[in-house]
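Since this is a predicted model, take the numbers as computed values, not measurements. Quick note on labels: first sequence line is chain A, next is B, and so on, each numbered from 1.
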Amino acid sequence: MIEIRDLSKWYGNFQVLDNINEEIKQGQTVVVCGPSGSGKSTLLRCINGLEPFQKGEIIVDGVSVSDRSTNLYKLRTEIGMVFQRFELYPHMTAMQNITLAPMKVRNKSKKEAEVKAMELLQRVGIPEKAHEYPANLSGGQQQRVAIARSLAMEPKIMMFDEPTSALDPEMIKEVLDVMIDLSKGGMTMIVVTHEMGFAREVADEIIFMDEGRIIERGTDISFFKNPKNPRTKNFLDKILL
Amino acid sequence: MRMFDAVAKNISFLLGGYWITIKLTMFALAGGISLGILVGLGRISKKKWVYYPVTFYVNLIRNIPLILVIFWFYFVMPIIVGRPLDPFPSAVISFIIFEATYFGEILRAGFQSVSKGQIDAGYSTGLNYIQTTRYILIPIAVRRMLPSMITQSIVTYQDTCLAFVIGLHEFVRRTTIVDNFEVRSIQLFGFVAILFLITCYISSVVSRRFEVKRERGY
C-alpha cells in the first residue's frame with residue numbers, strides 16, 4: 001500500500017529525514033515513535049505530499065507522490081490525516097466539518113453527506129454532538145470529530161500524528177478505542193504515538209526514529225524489551241517507566 | 001421648526017446628496033473588501049512575483065493621503081483613457097484602490113492568525129487551494145477581523161466626504177451649495193454632523209456586539 005524508498009529530506013542544510021525505507025501492506029498498522037524532532041511528523045507530511053522531499057521515492061497505492069504528473073489533491077483524498085491539535089474548522093459545526101470535503105471534492109449532495117456523517121459520528125460515539133461547534137466540545141470529542149472528518153472521504157489509509165498528545169488522560173482512551181476499532185476493521189494505518197498500550201494491542205510493526213533515521217524496528221512490543229540500540233533503550237525507559 | 005428651517009426647505013436636495021454618499025460608500029466597501037481579500041492573500045503569498053508587487057502597491061497607496069489619490073486619479077485618468085471621467089465612477093475607483101490596501105492589511109493579519117494546521121487539514125481531505133481559501137481561510141479570518149473591518153468601514157463612510165474635491169455632489173458638497181444661498185452654516189453643517197453621528201454610532205454598537213460574540217469563541 002505504501003512504499004518508501006531511500007527517502008531523504010533537508011530543510012536548508014539541516015537533514016530531517018535520512019534514508020528512510022519502509023513498506024506498509026494493506027490492512028497493517030504501523031506505529032512510529034521517537035523523540036521530538038526525530039522527523040516522525042515530517043515523514044507523515046511527506047507521504048501525503050504536504051511537504052516536498054529532495055531524495056528517494058514514496059509510492060502510495062501504486063502512485064508516486066513526488067511525480068510531477070501526480071494529482072496530489074486526488075491522492076490526499078485516499079489518505080486521511082489526524083492532527084495532534086485536532087485542527088477542526090472553528091466556524092463550522094461538527095457536522096459541517098465532516099461534510100465539507102465530501103460535498104466539495106466528491107460532489108456529494110448535502111443530504112447524502114449528512115447521512116454518512118451521522119453514521120461516522122455514531123461510530124466514534126458522539127452522534128448527539130453533530131450540531132455543536134468545536135469550541136463546545138472537549139478535546140477527546142474534537143479529536144473524534146476530526147477522525148470522522150477524515151473517514152468521511154473513505155480513505156484507504158489513515159495517518160495519525162500524535163493524536164492523543166494534546167488530550168487529558170481521561171480522554172485518551174476514548175480516542176484510542178476508536179483507533180483500535182479502525183485498525184481491527186482492516187484500515188491501513190500509520191500512527192505516530194507514544195501510547196505503547198495501543199502499540200501492543202494493534203501494531204503490526206513498530207518503528208523507532210531518531211535524528212531522521214529509523215534506528216530500530218520490530219513486529220511486536222517484546223522486541224522493545226531488548227532494544228539493540230542504546231538510544232532506543234534510553235527513550236523507551238522514559239516513556240514506559 | 002425655526003431651528004432647522006433651512007434644512008427643512010432643502011431636505012430633498014440634501015438627502016439626494018446623502019443618497020450619493022451612501023451609494024459611494026456601498027460601492028467603495030464592496031470593491032474595497034473584495035480587492036482587499038486578494039491583497040491580503042497576496043501579502044501572505046510565498047510566490048515572490050505575487051508578494052512584491054502587492055506589497056509595493058500597499059506601501060505606495062497607504063503612504064499617500066486619500067485626498068491625493070482621489071485627486072490624482074481624477075486628473076490623470078483622462079490623460080490615459082483620452083476622455084474625462086464622471087466624478088462618481090472616478091471617486092468609486094479611487095476609494096476601492098485606497099480602501100483595498102487597508103482592508104488588505106486587516107485581512108492579512110486575519111489570514112496569519114489562522115492555524116497552519118487548519119489549512120493542512122483542508123488539504124489533507126483533498127480540498128484544493130481555492131476551496132481551502134474559500135471555505136476555511138477567508139471565513140475564519142473575516143470572522144476574527146470583523147470588528148476591525150467594521151471600524152474601517154465606518155472610516156470609509158466618513159471619508160467619502162473627500163470626494164467633494166472633484167466636484168461630486170455628495171452630502172457635504174450639496175450642503176455647501178445650500179449654505180451658499182441660505183447662509184445657515186451652523187444649522188446646515190449641524191444637520192450633517194448629527195446624521196453622521198447617529199449612523200456611525202449605530203454601526204459601532206453593531207461592531208461591539210460582534211466583539212462580544214468573538215469572545216465567546218464563535
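Each of A/Phe86, A/Tyr89, A/Tyr73 has some count of heavy-atom pairs under 4.5 Å with chain B, and the biggest count is that of A/Tyr73.
Although no hydrogens or angles enter the test, the distance criterion places a donor-acceptor pair under 3.5 Å between the side chain of A/His91 and the main chain of B/Tyr135. For B/Gln118 (side chain) and A/Leu88 (main-chain N/O), a donor-acceptor pair under 3.5 Å exists by modelled atom type.
To the nearest 0.5 angstrom, B/Asn128 atom CG is 12.0 Å from A/Leu72 atom CG. Note: B/Ile119 CD1 to A/Leu50 CG = 11.5 Å, rounded to the nearest 0.5 Å. Between the CG atom in B/Asp120 and the CZ atom in A/Phe83 there is a gap of 5.0 Å [rounded to 0.5 Å].
Considering every non-hydrogen atom in both B/Ala121 and A/Glu87, the closest pair reads CB-O, 3.8 Å. The shortest non-hydrogen separation linking B/Thr125 to A/Met153 is O-CE, 3.4 Å. Here the closest heavy-atom approach between residue A/Asn48 and residue B/Ser124 is recorded as ND2-CB, 3.9 Å.
Only the side chain of B/Ser115 comes within less than 4.5 Å of a heavy atom of chain A; its backbone N, CA, C and O stay farther away. Contact annotation for A/Arg106: neither backbone nor side-chain heavy atoms come within less than 4.5 Å of a heavy atom of chain B.
Looking at B/Gln131 and A/Val105, their side chains come closer than 4.5 Å, going by heavy atoms from C-beta outward. Contact annotation: the side chain of A/Met92 never approaches that of B/Pro139 to less than 4.5 Å [non-hydrogen atoms, C-beta and beyond]. You'll find the side chain of A/Pro90 reaches within 4.5 Å of the side chain of B/Ile140, heavy atoms only.
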